Amino acid sequence: QSQVVESGGALVQPGGSLRLSCEASQFTFENYAVGWFRQAPGKEREWVSCISSHGRTSSYADSVKGRFTISRDDAKNRAYLQIDSLIPEDTAVYYCAADWRPYPLICPVVRGAYEIWGQGTQVTVSS
């Protein structure tokens with residue numbers, strides 16, 4: 001069964017950094033766009049960032065631009081989200097998702113485009 005599994009979430013102090021990982025299995029990862037979403041308590045799940053298949057293009061939500069960096073290593077079937085300068089508002093469960101899209105022109109920014117979802121990893125920013 002196709003799946004993605006997130007890891008790397010932790011409790012960190014404001015200003016700190018984290019690298020989240022998303023490991024894919026049972027599907028041809030390189031042909032899939034990858035998106036990162038997050039859901040804070042009491043809020044809707046929101047799109048954070050995405051990267052196209054083969055890593056040709058990437059996009060970021062305005063709220064994270066300049067602090068988050070998305071990347072992927074198709075040889076390892078992994079995607080990453082580097083988070084720097086963490087602020088309390090970044091506290092959320094972070095989800096990785098994959099969307100079959102072999103032509104790497106865009107990556108989707110809407111939740112409904114993604115077929116494969118992980119269970120999430122908790123990021124808490126607090127002093």
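Note that this is a predicted model, so its numbers are computed, not measured.
Closest approach of Ala113 to Arg101, counting heavy atoms only: CB-NH2, 4.4 Å. Nearest approach of Cys107 to Ser52, heavy atoms of both residues: CB-N, 3.7 Å. Nearest heavy atoms, Ala40 versus Ala92: N-CB, 3.8 Å. Across all their heavy atoms, Ile116 and Gln3 have their closest contact at CG2-CA, 3.9 Å. The two residues Asp84 and Ser17 have their closest heavy-atom pair at OD1-OG, 2.8 Å. Val34 and Cys96 get closest at one heavy-atom pair: CG1-SG, 3.9 Å.
The shortest side-chain heavy-atom distance between Val12 and Thr124 does not fall under the 4.5 Å cut-off. Trp36 places a side-chain heavy atom less than 4.5 Å from the side chain of Leu20. Counting heavy atoms from C-beta outward, Leu81 and Ser49 have side chains that approach closer than 4.5 Å. Using a 4.5 Å cut-off on side-chain heavy atoms (C-beta onward), Val125 and Pro14 make contact. Between Ser126 and Leu11, the closest side-chain pair of non-hydrogen atoms falls below 4.5 Å. The closest side-chain heavy-atom distance from Val4 to Tyr95 is not below 4.5 Å. Taking the side chain as every heavy atom from C-beta outward, Val48 and Tyr60 never approach each other to under 4.5 Å.
With hydrophobic clusters built from ILVMFWY side chains whose heavy atoms lie under 4.5 angstrom apart, Trp47 shares a cluster with Val93. Leu18 and Tyr94 fall within a single hydrophobic cluster, where Ile, Leu, Val, Met, Phe, Trp and Tyr side chains are chained together by heavy-atom contacts under 4.5 Å. Linking ILVMFWY residues whenever their side-chain heavy atoms come closer than 4.5 Å, directly or via other members, leaves Phe37 and Ile83 in distinct clusters.
Cation-pi geometry between Arg56 and Tyr103 is not met: the NZ or CZ atom fails to fall both under 6.0 Å from the ring centre and inside 45° of the normal. Tyr80 carries Arg19 over the face of its six-membered ring, with the cationic atom under 6.0 Å from the centre and within 45° of the normal.
Asn31 and Ser53 form no side-chain donor-acceptor contact under 3.5 Å, judged by distance and modelled atom types alone. Between the side chains of Glu30 and Thr28, no donor N or O sits under 3.5 Å from an acceptor N or O.
Put simply, the side chain of Arg72 gets close to the backbone of Phe29: a donor and an acceptor are under 3.5 Å apart. With Thr121 contributing its side chain and Gly9 its backbone, the two residues share a donor-acceptor pair below 3.5 Å. Remark: the backbone N or O of Gly15 is not paired with any side-chain donor or acceptor of Ser85 at under 3.5 angstrom. Put simply, the side chain of Gln13 never gets that close to the backbone of Ser127: no donor and acceptor are under 3.5 Å apart.
Residues in residues 110-120 take part in no side-chain hydrogen bond (donor to acceptor under 3.5 Å, both in side chains) pair, two or more places apart or across chains.
Atoms CD and OG, from Glu46 and Ser63 in turn, are 5.5 Å apart once rounded to the nearest 0.5 Å. Summarising the geometry, atom SG belonging to Cys50 is positioned 6.5 Å from atom CD1 belonging to Ile70; distances are rounded to the nearest 0.5 Å. Put simply, OG on Ser7 and CD on Glu23 are 7.5 Å apart, with the number rounded to the nearest 0.5 Å.
By the salt bridge (charged side-chain N to carboxylate O under 4.0 Å, His left out) test, Asp90 pairs with Arg38, Arg67, sequence neighbours left out.
The six-membered or imidazole ring of Phe27 lies near that of Tyr32, with a centre-to-centre distance under 6.0 Å.
Using a 4.0 Å cut-off between charged nitrogen and carboxylate oxygen, Lys76 and Asp74 do not count as a salt-bridge pair.
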